[in-house]
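Read the structure below first, then the notes.
Letters A, B, ... are given to chains in the order of the sequence lines, protein chains preceding strands, and every chain is numbered from 1. Everything numeric here is computed off the predicted structure, so don't read it as measured data.
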There are 2 protein chains.
Amino acid sequence: MSPCSTLTEHLRQKGYRITLQREMIIQTIAHSEQHISAEEVFAEVRKHTPAANLATVYRTLDMLWEEGLACRNDLGECRIVYAALQHGPHIHLVCRYCNRLIDADPQALESLREELDTEYGFTADLQHISIFGVCAGCQLSSEKLKEE
Amino acid sequence: MSPCSTLTEHLRQKGYRITLQREMIIQTIAHSEQHISAEEVFAEVRKHTPAANLATVYRTLDMLWEEGLACRNDLGECRIVYAALQHGPHIHLVCRYCNRLIDADPQALESLREELDTEYGFTADLQHISIFGVCAGCQLSSEKLKEE
DNA sequence: TTCCTTATTGCAAGTATTTGCAATAAGGAA
DNA sequence: TTCCTTATTGCAAATACTTGCAATAAGGAA
Ligand SMILES: [Mn+2]
Ligand SMILES: [Mn+2]
Ligand SMILES: [Zn+2]
Ligand SMILES: [Zn+2]
């Protein structure tokens, strides 16, 4: 089964209606290897059909995220990016100073996942998480500043 | 030393100019026990002086966050909230289905913090983090749906 | 104190995202 | 197949946040 029909089937099970718009949006995100913004999904869908509206793209991407069928990340730029599940798993370390992105091993989250599950019954989305902080370079330069 | 002058001192060290606007914004966030949005900070500052502009509030709050002097969180609502450092530490578990917030023990993040530091030299902001996922209640109801 | 440099602000315009509502179209029932 | 219900869409307006630029004012030098 193609990744697209897996998604549409899941939605159908849940009682969502499968519209042309949703099919196009799903196709776009499922075929994109990388992070993609709502505006970019919109542009891609528009290449194939004029039947698309940016508000619908936002609503559909957020719905896919709510259903656990897509990732949604703030990477410190001024827009949210989305990705298909197969894009993960990895951690994005985002430097709040210089905005650099570092990819980290998602294994580091396994014990956290278990703890949140057993302690709070909470199933955390940790396959593609953003963690803000300060990168090694920025820390170094701020220490230098202190010495002066 | 009051929490406000600690912040302004830190900024002065770093070469930032201490303006009336910054003082008012710092005062507002430092005296707020809870999460507060930029719009709310703006309203509070406006009570005391007309010398304030929403763009400046956004710029200042983001600057405080960049400097590690304030927290900045997406709690699943349609606006970002800020908080003074003394508001933490805790984890906010945010249900992407029903938007419920659950507070979790920040201790769960200690091993992650260490690993990110030693492996990547990355100092993660984990004192007041939001983690998205599905709460126990929503998981239960989605399982019920499957059975039918 | 006065002056100068330049970081910071206000404003207005721009971009990103959300929302209310009437028109449309999935998909189940007949 | 046709019809009906109501979820979904498009549109336009609202809200949330960002940015370029000229005017202002910190704060260091004289
Ligand atoms: Mn990624
Ligand atoms: Mn909190
Ligand atoms: Zn950095
Ligand atoms: Zn929930």
Side-chain angles (χ1 to χ4, degrees), chain A residues 5 7-26 28 35-43 45-46 48-67 69-70 72-82 96 99 145 148, chain B residues 5 7-26 28 35-43 45-46 48-67 69-70 72-82 96 99 145 148:
Chain A
S5 47
L7 295 190
T8 52
E9 262 330 292
H10 180 118
L11 293 182
R12 222 184 283 274
Q13 298 294 300
K14 286 267 195 156
Y16 289 96
R17 292 181 184 176
I18 307 306
T19 63
L20 174 63
Q21 287 82 344
R22 286 182 173 165
E23 282 184 323
M24 299 300 291
I25 292 165
I26 285 172
T28 302
H35 307 150
I36 187 168
S37 69
E39 196 83 44
E40 287 167 333
V41 169
F42 175 63
V45 168
R46 265 291 170 92
H48 301 286
T49 167
N53 178 278
L54 189 53
T56 301
V57 172
Y58 274 107
R59 282 191 280 232
T60 302
L61 289 173
D62 285 345
M63 180 269 279
L64 291 172
W65 174 70
E66 274 179 21
E67 288 299 326
L69 301 174
R72 185 186 201 276
N73 276 75
D74 176 0
L75 297 177
E77 289 129 16
C78 68
R79 49 178 56 186
I80 299 295
V81 295
Y82 298 82
R96 64 171 138 75
N99 246 62
L145 202 68
E148 290 168 12
Chain B
S5 46
L7 295 189
T8 52
E9 262 330 291
H10 181 117
L11 292 182
R12 221 184 284 275
Q13 299 293 301
K14 285 268 194 153
Y16 290 95
R17 294 182 184 176
I18 306 307
T19 63
L20 174 63
Q21 288 82 343
R22 285 180 173 166
E23 282 184 321
M24 299 300 292
I25 292 164
I26 285 171
T28 302
H35 307 149
I36 187 167
S37 69
E39 196 83 45
E40 287 167 332
V41 169
F42 175 63
V45 169
R46 265 292 169 90
H48 301 286
T49 166
N53 177 279
L54 189 53
T56 302
V57 172
Y58 274 108
R59 281 192 279 231
T60 302
L61 290 172
D62 285 345
M63 180 268 278
L64 291 173
W65 173 70
E66 273 178 22
E67 288 300 325
L69 301 174
R72 186 185 200 275
N73 276 76
D74 175 2
L75 297 176
E77 288 129 15
C78 67
R79 46 176 62 184
I80 300 295
V81 293
Y82 297 82
R96 64 172 138 74
N99 246 62
L145 201 70
E148 289 169 12

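- Remark: A:Arg79 pairs with no residue by the salt bridge (charged side-chain N to carboxylate O under 4.0 Å, His left out) rule, at least two apart or across chains.
- A:Met63 places its CE atom 7 Å from the P atom of D:dT8, with the value rounded to the nearest Å.
- Atom CD1 in A:Ile36 sits roughly 15 Å away from atom P in C:dA16 (whole-Å rounding).
- Contacts of B:Asn73 classified as side-chain contact (heavy atoms from CB on, under 4.5 Å), with partners at least two apart in sequence or in another chain: B:Cys71, B:Leu75, B:Val81, B:His128, B:Ser130.
- Every residue meeting the side-chain contact (heavy atoms from CB on, under 4.5 Å) condition with B:Asn53, not counting sequence neighbours, appears here in chain and number order: B:Ala55, B:Thr56.
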- Message: I need a per-nucleotide contact map over nucleotides 16-22 of chain D, read 5' to 3'. Cutoff is protein heavy atoms under 4.0 Å; write B for the base, S for backbone only, - otherwise.
- Response: SSBBB--
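- For the side chain to side chain donor-acceptor pair (under 3.5 Å) test, residues two or more places apart in sequence or in another chain that qualify with A:Glu40 are A:Ser37.
- Straight-line distance from the CD atom of A:Glu77 to the C1' atom of C:dT17: 16 Å, rounded to whole Å.
- B:Arg22 CZ to B:Met63 CE: the interatomic distance, rounded to the nearest 0.5 Å, is 3.5 Å.
- For the pair A:Glu66 CD and D:dA7 C1', the computed distance is 15 Å after rounding to whole Å.
- In terms of phosphate contacts, A:Gln21 brings no side-chain nitrogen or oxygen within less than 4.0 Å of OP1 or OP2 of C:dA26.
- Whole-Å rounding puts the A:Glu67 CD to D:dA7 P distance at 15 Å.
- Every residue two or more places apart in sequence or in another chain that forms a side chain to side chain donor-acceptor pair (under 3.5 Å) with A:Tyr16 is listed here: A:Glu67.
- A close approach under 4.0 Å does occur between a side-chain nitrogen or oxygen of B:Asn53 and OP1 or OP2 of C:dC11.
- Distance, B:Glu40 CD to D:dT15 C1': 15 Å, rounded to whole Å.
- In DNA chain D, runs of at least 3 stacked Watson-Crick or G-U pairs (N1-N3 plus N6-O4 or O6-N4, or N1-O2 plus O6-N3, all under 3.5 Å) give these stems: C:1-30 with D:1-30.
- The distance from atom CE of A:Met24 to atom CZ of A:Phe42, rounded to the nearest 0.5 Å, is 12.0 Å.
- Qualifying side chain to side chain donor-acceptor pair (under 3.5 Å) partners for B:Arg12, counting only residues two or more places apart in sequence or in other chains: B:Glu9.
- Residues satisfying the side-chain contact (heavy atoms from CB on, under 4.5 Å) test with A:Glu66, not counting sequence neighbours, are none.
- Atom C1' of nucleotide D:dT9 and atom CD of A:Glu23 are separated by 15 Å, given to the nearest angstrom.
- The distance between atom CG of A:Leu11 and atom P of C:dA26, rounded to the nearest whole Å, is 15 Å.
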Short heteroatom pairs, N/O only, protein and nucleotides 27-30 of chain D, under 3.5 Å:
unit_1: D:dG27; atom_1: OP1; unit_2: B:Ile18; atom_2: N; d: 2.6

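- In this view, B:Arg59 satisfies the side chain to side chain donor-acceptor pair (under 3.5 Å) rule with no residue, not counting sequence neighbours.
- The side-chain contact (heavy atoms from CB on, under 4.5 Å) search around A:Leu7 returns A:Ile26, A:Leu69, not counting sequence neighbours.
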